[in-house]
Protein chains: 2
Amino acid sequence: MTTRAVSETQAEENQPEFDVFARRCPSRQTMEAVTGRWGVLVIAGLHAGSMRFSELRRRVDGVSEKMLSQTLHTLERDGLVNRVAPAGFPSRVDYSLTPLGSRVAAELVDLIELLEGSMPDIMAARERYDRERA
Amino acid sequence: MTTRAVSETQAEENQPEFDVFARRCPSRQTMEAVTGRWGVLVIAGLHAGSMRFSELRRRVDGVSEKMLSQTLHTLERDGLVNRVAPAGFPSRVDYSLTPLGSRVAAELVDLIELLEGSMPDIMAARERYDRERA
DNA sequence: CGGTATCCTATTAGATACTG
DNA sequence: CAGTATCTAATAGGATACCG
């Protein structure tokens with residue numbers, strides 16, 4: 001039955017399986033970049049359209065320049081965000097989502113809407129939980 | 001006239017708008033619990049079905065007992081996870097998703113599949129990025 | 001305007017030991 | 001088995017100052 005085994009092996013070599021549940025899988029780093037404290041908000045924020053650094057900073061309430069810059073670099077590196085800096089003064093840089101970034105953003109927006117819409121239930125659950133162990 | 005205006009105002013008061021982009025909105029804490037380093041993996045892991053503490057720990061490769069315990073408590077508090085501990089020895093505790101937790105899990109699974117399936121592109125993007133500034 | 005560099009603190013996470 | 005408690009290490013994050 002070696003034929004079958006060989007073709008499976010080749011398939012695995014051509015398309016290695018990625019698994020976020022595995023500690024050393026590269027997909028986990030990307031997942032952490034996407035779902036990190038600021039990653040979600042930056043990606044979802046850009047889903048509304050191209051935005052400048054300072055616009056994005058106002059949109060993502062509470063993010064520091066440092067963290068916004070760092071988050072954008074990581075997302076750009078993974079091919080989720082485009083950075084376009086037309087020459088000129090005053091300097092101006094536009095950030096936007098790549099096609100892949102847009103697909104990720106769509107998922108995140110769904111999640112955001114689900115959570116925002118469920119907040120009454122969630123807050124009730126919290127109160128119940130806290131009351132039970134008070 | 002006023003009747004309409006009043007009922008709209010009441011509707012807003014009864015259902016305040018939650019916005020993750022706002023720093024002090026409670027939805028942001030929930031978002032951080034859900035999309036935190038271990039939150040995603042715990043919720044998505046439980047999407048396969050009810051699981052015991054140690055099973056879940058094996059499934060979520062790399063999580064420590066402490067972090068798994070902490071993550072589960074937070075998710076239970078927000079009403080996403082159920083904890084059932086039937087009396088007996090040896091002790092046994094089953095964790096499962098609530099209906100809301102299942103809906104969140106479905107979104108996360110979509111995101112995971114999207115990212116895992118895009119890893120070849122993502123890794124190519126990373127190499128390009130790194131090469132360009134080397 | 002759009003960042004980077006530095007320094008310092010707070011939070012998170014891991015290792016280890018222990019318990020019902 | 002399913003945790004908790006404690007201590008330490010690593011990392012994320014914020015404040016400030018400065019640059020092209």
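To find a chain, count down the sequence lines: A is the first, B the second, and so on, and within it residues start at 1.
- Closest contact between the side chain of B/Arg83 and the listed nucleotides C/dG3, D/dG3, D/dC1 involves D/dG3.
- A heavy-atom distance below 4.5 Å is found between the side chains of A/Met31 and B/Val40.
- Cation-pi check for B/Arg133 over B/Tyr129 is met; the charged atom lies under 6.0 angstrom from the ring centroid and within 45 degrees of its normal.
- Rounded to an integer number of Å, the gap from B/Leu68 CG to C/dT12 P is 17 Å.
- Of the two residues near DNA chain C, A/Pro90 and A/Gln70, the one whose nearest nucleotide lies more 5' is A/Pro90.
- Within the 4.0 Å cut-off from OP1 or OP2 of C/dC1, not a single side-chain nitrogen or oxygen of A/Arg52 is found.
- Atom CD in B/Glu32 sits about 14 Å away from atom P in D/dA12, given to the nearest Å.
- Phosphate contact (OP1/OP2 of C/dC1, side-chain N/O of A/Ser54, threshold under 4.0 Å): absent.
- What separates OH of A/Tyr95 from P of C/dC1 is a distance of 15 Å, to the nearest Å.
- Checking C/dG3, D/dC1, D/dA2 against the side-chain heavy atoms of B/Val93 singles out D/dA2 as nearest.
- Residue A/Leu72 contributes atom CG, which lies 17 Å from atom P of C/dC1 at whole-angstrom precision.
- The CG atom of B/Leu56 sits 15 Å away from the P atom of D/dC1 (whole-angstrom rounding).
- In plain terms, the two heavy atoms of B/Ala33 and B/Thr74 that are nearest each other are CB-CG2, 3.7 Å.
- The residues A/Arg92 and A/Asp94 are annotated as salt-bridged, a charged nitrogen and a carboxylate oxygen being separated by less than 4.0 angstrom.
- In this structure, A/Ser69 reaches the C/dT4 phosphate: one of its side-chain N or O atoms is under 4.0 Å from OP1 or OP2.
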Protein-proximity profile, nucleotides 14-20 of chain C, B/S/- by nucleotide at the 4.0 Å heavy-atom cutoff, equals BB----B
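- Contact annotation: A/His73 side-chain N/O to C/dT4 OP1/OP2 distance is under 4.0 Å.
- Of the residues listed (A/Met67, A/Glu65, A/Lys66), the one engaging A/Val63 in a side-chain contact (heavy atoms from CB on, under 4.5 Å) is A/Met67, and it is the only one.
- Among the heavy atoms of the strands, none lies under 4.0 Å from A/Arg57.
- Atom CZ in B/Arg23 sits about 12 Å away from atom C1' in D/dG14, given to the nearest Å.
- Environment of CZ in A/Arg103: sparse, with no more than 12 heavy atoms of neighbouring residues, nucleotides or ligands closer than 6.0 Å.
- Geometrically, A/Arg59 engages B/Phe21 in a cation-pi contact, judged by NZ or CZ lying under 6.0 Å from the ring centre and within 45° of the ring axis.
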